[in-house]
Peer 1: 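After the structure tokens below, expect a handful of questions from me.
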Amino acid sequence: MTTLLKELFDATVDGDRETVLTTVAQALETGEEPGVILNEGLIAAMAEVGARFERAEFYVPEMLIAARAMQAGLAVLQPHLVAAKVKKVGTVIAGTVKGDLHDIGKNLVSMMLEGAGFEIIDLGTDVPPEKFVEAVRESSPDLLAMSALLTTTMPGMKLTVEALRAAGVRNGVKIMVGGAPLTQRYADEIGADGYAADASKAVRLAKSLVA
Ligand code: B1M
């Protein structure tokens, strides 16, 4: 890894947005491949952030700050990635289910997935089943990622799985669910393909579901 990419890696892990922005720009100026900047700088750094979170060396705030720095760097890199036709790991439609306005966890999961190379289509909060179905129909994503923070809104996930089935699009998409009140058992009960307890595990699950 070049010194510049190492600097980008460290700045992303530290959530140092300014240094991320300058090192991405410098790496592009020196002719570094956009895909290498993405993989060795930003994505590798977010994998390290996930690993530190799992070792309880990082908590949610550190992870959020790093993810925001990563997103800033990614925005600069994006047009160059498109020009270089760098392939995405997969496309994810993300949203918090109907009746539920909690989005901090969903946003963190989305940012970590973005940091792992996924393209995110974020439907926001309070998303009814029919809106998920419409988005799956329109975008044919690899993954549908649903979040719920309230015991009263969890059933929205089951209704969405049923609505996807009724619309005939369930089999074309992997469904992952998460949020504080959820369990693997609930995910199994509603026919989801996977459950993750936190953003780091969500990245691992998403990668395994599209593998
Ligand atoms: Co609300 N709230 N809240 N709240 N809120 C909780 C969830 C609650 C547990 C607080 C409590 O009573 N102790 C409780 C729910 C009780 C229950 O149902 N069991 C509750 C309640 C009752 C309510 C209201 C009903 C309060 C009221 O008005 N009477 C109301 C509901 C509004 C609505 O949604 N319709 C309400 C409102 C709000 C605010 C708007 C004030 C605010 C949300 C702001 C926002 O999100 N923009 C809020 C907040 C902040 C919380 C707490 C304090 C924090 C949630 C949070 O952001 N955590 C929460 C109590 C708590 O959790 N300590 C609480 C940090 C976040 C990073 O974690 O979201 O768990 P989390 O996400 C994690 C994992 O769950 C996982 O990864 C994330 C990162 O590691 N994960 C996924 C999440 N989604 C995933 C998806 C995946 C995989 C993993 O794959 C798809």
Side-chain angles (χ1 to χ4, degrees), residues 13 15 46-71 89-129 131-133 135-136 139 141-164 170 172-211:
V13 172
M46 292 315 291
E48 173 62 19
V49 168
R52 289 190 192 187
F53 177 77
E54 290 189 6
R55 294 198 299 266
E57 293 167 13
F58 267 21
Y59 295 93
V60 166
E62 286 95 341
M63 197 151 63
L64 267 177
I65 293 165
R68 284 186 187 140
M70 179 277 298
Q71 278 199 317
V89 177
T91 305
V92 183
I93 287 180
T96 304
V97 295
K98 187 176 176 184
D100 200 324
L101 303 176
H102 296 85
D103 66 358
I104 299 169
K106 184 264 297 167
N107 292 347
L108 181 53
V109 168
S110 297
M111 287 192 278
M112 292 294 284
L113 288 175
E114 198 174 20
F118 286 89
E119 181 185 351
I120 309 296
I121 300 171
D122 189 349
L123 302 183
T125 58
D126 192 17
V127 183
K131 197 169 167 192
F132 279 120
V133 171
V136 167
S139 310
D142 301 285
L143 277 169
L144 175 62
M146 285 188 280
S147 184
L149 261 288
L150 299 171
T151 44
T152 50
T153 58
M154 282 164 58
M157 295 179 162
K158 185 168 188 276
L159 294 175
T160 303
V161 177
E162 285 167 3
L164 289 165
R170 166 65 183 98
V173 65
K174 298 282 183 191
I175 300 174
M176 58 187 275
V177 293
L182 286 160
T183 57
Q184 180 64 54
R185 192 171 161 189
Y186 185 73
D188 293 340
E189 268 172 31
I190 65 169
D193 297 299
Y195 156 78
D198 59 48
S200 169
K201 293 191 179 91
V203 170
R204 214 177 308 142
L205 171 66
K207 283 183 180 167
S208 74
L209 289 175
V210 299

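Start at 1 and go down the list; that is how both ligands and their atoms are numbered. What you see is a predicted model, and the numbers here were worked out from it, not measured in a lab.
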Peer 1: Of Ile104, Leu64, Thr96, which has the heavy atom at the shortest distance from atom 50 (C) of ligand 1?
Peer 2: Ile104

Peer 1: So, regarding Ala145 and ligand 1 (criterion: nitrogen or oxygen to nitrogen or oxygen, under 3.5 Å), is there a contact or not?
Peer 2: no

Peer 1: Ignoring angles and geometry beyond distance, decide whether Ser147 reaches within less than 3.5 Å of ligand 1 through its nitrogen or oxygen atoms.
Peer 2: yes

Peer 1: I'd like to check atom 77 (O) of ligand 1 in this structure: does the protein have a heavy atom lying under 4.0 Å from it?
Peer 2: yes

Peer 1: Regarding atom 81 (N) of ligand 1: of the candidates Pro181, Ala202, Gly179, Ala196, which has the closest heavy atom?
Peer 2: Gly179

Peer 1: Please work out, at 4.0 Å between heavy atoms, whether the side chain, the backbone, both, or neither of Asp100 comes within that distance of ligand 1.
Peer 2: both

Peer 1: Please report the shortest heavy-atom distance between Pro181 and Ala148, naming the atom on each side.
Peer 2: CD-O, 3.3 Å

Peer 1: Please work out whether any backbone atom (N, CA, C, O) or any side-chain heavy atom from C-beta onward of Val60 is under 4.0 Å from ligand 1, and answer side chain, backbone, both or neither.
Peer 2: side chain

Peer 1: Below the 3.5 angstrom mark, is there an N/O of Met63, backbone or side chain, next to an N/O of ligand 1?
Peer 2: no

Peer 1: For atom 86 (C) of ligand 1, what's the nearest protein heavy-atom neighbour? Residue, atom name and distance, please.
Peer 2: Gly178 CA, 3.4 Å

Peer 1: Is atom 40 (C) of ligand 1 in close reach of the protein, with a heavy atom under 4.0 Å away?
Peer 2: no

Peer 1: Using the test side-chain contact (heavy atoms from CB on, under 4.5 Å), find all partners of Ile121 that sit at least two apart in sequence or belong to another chain.
Peer 2: Thr91, Ile93, Leu123, Ser139

Peer 1: Nearest 0.5 Å please: distance from the CE atom of Met111 over to the CG atom of Asp122.
Peer 2: 10.0 Å

Peer 1: Establish whether atom 8 (C) of ligand 1 and some protein heavy atom are separated by less than 4.0 angstrom.
Peer 2: no

Peer 1: May I ask you to test the Val203-Leu113 pair for a side-chain heavy-atom distance under 4.5 Å?
Peer 2: yes

Peer 1: Under 3.5 Å, N or O to N or O, is Val109 touching ligand 1 that way?
Peer 2: no

Peer 1: Roughly how far apart are Lys201 NZ and Tyr195 OH, rounded to 0.5 Å?
Peer 2: 8.0 Å

Peer 1: Which count of protein N, O or S atoms is obtained for distances strictly below 2.8 Å from atom 1 (Co) of ligand 1?
Peer 2: 1

Peer 1: Closest heavy-atom contact between Met176 and Ala206?
Peer 2: SD-CB, 4.0 Å

Peer 1: Are the side chains of His102 and Leu150 in touch, meaning some heavy atoms are under 4.5 Å apart?
Peer 2: yes

Peer 1: Right, does atom 53 (C) of ligand 1 have protein non-hydrogen atoms nearer than 4.0 Å?
Peer 2: no

Peer 1: Could you pull out the closest heavy-atom pair between Gly95 and Val127, with the gap in Å?
Peer 2: CA-CG2, 4.3 Å

Peer 1: Can you report which non-hydrogen protein atom sits closest to atom 80 (O) of ligand 1, along with the distance?
Peer 2: Ala199 N, 3.3 Å

Peer 1: Given that the side chain starts at C-beta and the backbone is N, CA, C, O, which of these parts of Lys201 lies under 4.0 Å from ligand 1, counting heavy atoms, or is it both or neither?
Peer 2: neither

Peer 1: Nearest to atom 72 (O) of ligand 1 by heavy atom, Gly99, Gly95, Gly105: which?
Peer 2: Gly105

Peer 1: Side chain, backbone, both or neither: which part of Ala197 comes within less than 4.0 Å of ligand 1 when only heavy atoms are counted?
Peer 2: backbone

Peer 1: Quick one: which of Asn107, Val49, Leu108 gives a side-chain contact (heavy atoms from CB on, under 4.5 Å) with Leu64?
Peer 2: Leu108

Peer 1: Please step through side-chain contact (heavy atoms from CB on, under 4.5 Å) for the pair Lys174 and Asp142, ending with a clear verdict.
Peer 2: CA-CA 6 Å; Lys174 298 282 183 191; Asp142 301 285; over 6 Å; no

Peer 1: Can you measure from CG (Leu143) to NZ (Lys207) and round to the nearest 0.5 angstrom?
Peer 2: 12.5 Å

Peer 1: With atoms numbered from 1 as shown, which atoms in ligand 1 lie under 4.0 angstrom from a non-hydrogen atom of Ala180?
Peer 2: 70 (O), 75 (O)

Peer 1: What do you think, any protein heavy atom under 4.0 angstrom from atom 91 (C) of ligand 1?
Peer 2: yes

Peer 1: Applying salt bridge (charged side-chain N to carboxylate O under 4.0 Å, His left out) to Arg55 and Glu48, what does each step give before you reach the verdict?
Peer 2: CA-CA 11 Å; Arg55 294 198 299 266; Glu48 173 62 19; 3.7 Å; yes

Peer 1: Atom 11 (C) of ligand 1: protein heavy atom closer than 4.0 Å?
Peer 2: no

Peer 1: Given Asp103, Leu205, Thr153, Thr151, which one has a non-hydrogen atom that is nearest to atom 45 (C) of ligand 1?
Peer 2: Asp103

Peer 1: Heavy-atom contacts with Met146 under 4.0 Å: which atoms of ligand 1 show up? List them by number with element.
Peer 2: 86 (C), 91 (C)

Peer 1: Under 4.0 Å from atom 34 (O) of ligand 1, is there at least one protein heavy atom?
Peer 2: yes

Peer 1: Determine, step by step, whether Phe58 and Val13 satisfy the side-chain contact (heavy atoms from CB on, under 4.5 Å) criterion, reporting the C-alpha distance in whole Å, the side-chain angles of both residues, the deciding distance to 0.1 Å, and the verdict.
Peer 2: CA-CA 10 Å; Phe58 267 21; Val13 172; 3.9 Å; yes

Peer 1: Walk me through it: do Asp126 and Lys131 pass the test salt bridge (charged side-chain N to carboxylate O under 4.0 Å, His left out)?
Peer 2: CA-CA 10 Å; Asp126 192 17; Lys131 197 169 167 192; over 6 Å; no

Peer 1: Can you find a protein heavy atom under 4.0 Å from atom 28 (O) of ligand 1?
Peer 2: no

Peer 1: To the nearest 0.5 Å, tell me how far Leu182 CG sits from Met146 CE.
Peer 2: 9.5 Å

Peer 1: Would you kindly specify which portion of Val177 sits under 4.0 Å from ligand 1, judged on non-hydrogen atoms: side chain, backbone, both or neither?
Peer 2: backbone

Peer 1: Backbone, side chain, both or neither: what part of Leu108 comes under 4.0 angstrom of ligand 1, heavy atoms only?
Peer 2: side chain

Peer 1: For Ala94 and Ser110, which heavy atoms make the closest approach, and how far apart are they?
Peer 2: CB-OG, 3.7 Å

Peer 1: How long is the span from the CZ atom in Phe53 to the CE atom in Met112, to the nearest 0.5 Å?
Peer 2: 8.5 Å

Peer 1: What I want to know is whether Lys106 and ligand 1 share at least one N or O pair that is separated by under 3.5 angstrom.
Peer 2: no

Peer 1: With the threshold set at 4.0 Å, does a side-chain nitrogen-carboxylate oxygen contact exist between Asp100 and Lys106?
Peer 2: no

Peer 1: Would you please test Lys98 and Thr153 for side-chain contact (heavy atoms from CB on, under 4.5 Å) and show each step?
Peer 2: CA-CA 7 Å; Lys98 187 176 176 184; Thr153 58; over 6 Å; no

Peer 1: Identify, by atom number and element, the atoms of ligand 1 in contact range of Asp198, meaning under 4.0 Å from any of its heavy atoms.
Peer 2: 76 (C), 77 (O), 80 (O)

Peer 1: Drop me the distance from Ile65's CD1 to Met63's CE, to the nearest 0.5 angstrom.
Peer 2: 11.5 Å

